[in-house]
Amino acid sequence: MTRALRIISSIGRRTLMKSLRRPVVLSFSLVQPMIWMLFFGFLFQRYRIERLGGDIRYLDFLLPGICAMTVLFGASQSGIEMIRDMQTHFLGRLLNTPADRRLILIGKLGADVSRLLAQATVVFLLGLALGAKISPSLPGVLVSLIALGLFGFAFASLSCTIALLTRAPESMAVFVHVVNMPLLFTSTAFVPSRQMPAFLASASELNPLTLAVGALRGALLFGETPSIARSVLPLALLALILFAIAAGAQRRAARD
Amino acid sequence: MASTSAPSSTPTASGPVAAVRSLRKSYQGKRVALDGIDLDVERAAITALTGPNGSGKTTLLRILAGRLAPDSGTVSVLGVDPGVDSPWLRSRLGFVSQDIALDPEMTGAQLMRLFAVLYGVPRRQLGPRIERLAQSLELASHLDMRVSAYSGGLRRRLHLALGLLHEPQVLLLDEPTAGLDPAGRAFLWSLLKVLAEGSASVVVITHDLGEVERHCQRVAVLGEGRLLAHGSPVELVRAHARRTVKVTLAAAVPPPSDPLFAGLGALPGVKAVHRRESELSIDVAEEHPAKERILALLSERGLDVRGFQVEPPDLASAYFQLTGVAVEQHERPARLPRAGGRRSKNREAAS
């Protein structure tokens, strides 16, 4: 294994180990999507979601949205571990080793994203247990998982940037209200864009969550393979930009 | 890619390993921490950095470690400016901060392995090196425990071990003996000695002047952000320390207005007289006045003498002369008078 991979995997292992040692947080991150799925799923089951195609019901439609929401909420808390590491002065120590600091960040974010995808998978299986019906295609699911992973990587980077700049645990709660909620309700996670008011529909097209949800929904419900150019590339670009900003914030955090 | 700045030419093996010139640093533009420091750090030696609280020691060390940027002045460590982001320098520099920086959720072994990877310790050397370090720091039987279960002393030793893992050429330690028991302190000093003999250059912040005298080749004394003295402990003692006559009285020492002080001050060779409760400290020149003359003065005043001893000049005395702060007063806030003799607030002087 090259030195870069050893650095990424060592940091990744530490990150995963620390999340697995917080079973309460892990299980709550599953309970929350379940509650949303139950409330929204059964509340709106009575209403007609127009022209979804086939015999798709609201719960089927909702499941990919809830999976992406699980990734979004998990990613938004990615910075909390960094704040803990700043409070114990441990981050400064990590960042003042000769290891390339971007590899340290990639290790942390990579571990967070794989955990989030695993959590989304559990939510997906729970959704199936609740009765959601799907007709997926394997290549479609693989491409949409990449899109979802990039989406998680981007927002985990943003969360880390906020953490590094504010150094305050409270900022992670603010993140949920300022970033997650607006993102969620201006996306197609719960409602198809054609049933939105016009301004919201056009906003939703620019929403990265819409891209991730759209890719996943197409792959799970309609067996489609998402367009790389329209879903993966824009999310990759967003992930790259937000990662670069986080890496810059991290470089500054290496100093007092 | 971060710059891999290495010195353009290898610094000479005999020159200083680090140097600072006209170094200034203030916090929020107000509190001056360093007020124009010039210092050369000797290669393959232990340099002690000492001085009262707030004298700028930690600021200086953090600037050397590249953790803090100075306001002005130049810094060079192994020929490189530590302010420039240099993985080359980071791989040769060990910094052990005063604050223990450990992840309480990890075990000692996990932390050692993680940092070995981050420092690029070759895989084949990793196991033996961790084992050797754990043995020498008496951590071996605790490596599989989480840090949260460690005692304060164990944490301090693991904190130190992580700073030594990559066998740095320059080791910067901020009060590493804090929280260690006497055996731990003795062990730490012997370890630093071994490292310096193995050609590492060590800079250590400490208040332990007895240990400095025994183990350090160089000592730099800081006060109010200035370098008050720098040299070998012997040089500092020769230049600044005084012989002290300590007299313990049965009752409290009379006030400075008492004729006793005028009498003592008039004795040849007496430099200063300090009083504290029932103790008189009389700083004297090398040829101190006869014991009998001091005792005679005391008995003239009807004072009952319980103890009388002559203390040879040592580093603690040199430190007091330089900083105006007695060693035992370290934990109290110290103010240094600029002129008119160096005296601490807690010791009234009447010479």
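Here the structure is a predicted model, which means the values were calculated and not measured. Note: hydrogens, waters and symmetry copies are ignored here, and every other heavy atom, side chains too, is used.
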- Query: Between B/D99, B/L68, B/D103, which residue shows the highest count of heavy-atom pairs closer than 4.5 Å to chain A?
  - Reply: B/D103
- Task: Keeping the roles fixed (side chain from B/R90, backbone from A/T97), state whether a donor-acceptor pair exists under 3.5 Å.
- Result: yes
- Could you tell me which portion of B/R62 (side chain, backbone, both or neither) has an atom closer than 4.5 angstrom to a non-hydrogen atom of chain A? side chain
- Message: Using a strict threshold of under 4.0 Å (side-chain N to carboxylate O), is an ion pair present between A/R22 and B/E105?
- Response: yes
- Message: Looking at A/R14 and B/L114, would you say the former's side chain and the latter's main chain have a donor-acceptor pair under 3.5 Å?
- Response: no
- Message: If we ignore hydrogens and angles and just use 3.5 Å, is the side chain of A/R93 paired with the main-chain N or O of B/H159 as donor and acceptor?
- Response: yes
- Query: Can we say A/R101 and B/D85 salt-bridge, meaning some charged N sits less than 4.0 Å from an Asp/Glu carboxylate O?
  - Reply: yes
- Message: Under a 4.5 Å cutoff for heavy-atom pairs, which residue among B/H166, B/R113, B/R92, B/Q110 has the most contacts with chain A?
- Response: B/Q110
- Identify which part of A/I104 has an atom lying under 4.5 Å from any heavy atom of chain B, answering side chain, backbone, both or neither. side chain
- Message: Counting only non-hydrogen atoms closer than 4.5 Å, does B/P82 touch chain A with its backbone (N, CA, C, O), its side chain (CB onward), both, or neither?
- Response: backbone
- Which portion of A/R255 sits near chain B, non-hydrogen atoms under 4.5 angstrom: both
- When rounded to the nearest 0.5 angstrom, what is the spacing between CG in B/L118 and CG in A/L95? 9.5 Å
- Query: Looking only at heavy atoms, what is the nearest atom pair of A/H89 and B/A101, with distance?
  - Reply: O-CB, 3.3 Å
- Message: Between B/L162 and chain A, with a heavy-atom cut-off of 4.5 Å, which part of the residue counts as in contact: side chain, backbone, both or neither?
- Response: both
- Item | Option in A/I11, A/I7, A/N96 with maximal non-hydrogen atom pairs under 4.5 Å from chain B | A/N96
- Message: Any non-hydrogen side-chain atom of A/P98 less than 4.5 Å from a side-chain atom of B/W88?
- Response: no
- Do B/P104 and A/T88 touch side chain to side chain, with heavy atoms closer than 4.5 Å? yes
- Item | Chi angles and distances behind the side-chain contact (heavy atoms from CB on, under 4.5 Å) call for B/L111, A/F90 | CA-CA 11 Å; B/L111 280 167; A/F90 193 70; 3.4 Å; yes
- Task: Taking atom CZ of B/R185 as the centre, report whether more than 12 heavy atoms of other residues, nucleotides or ligands fall under 6.0 Å from it.
- Result: yes
- Item | Contacting region of A/R13 [heavy-atom separation from chain B under 4.5 Å] | neither
- Where does A/I8 contact chain B at under 4.5 Å (heavy atoms): side chain, backbone, both or neither? neither
- May I ask you to decide if B/V117's main-chain N or O and A/R3's side chain share a donor-acceptor pair within less than 3.5 Å? yes
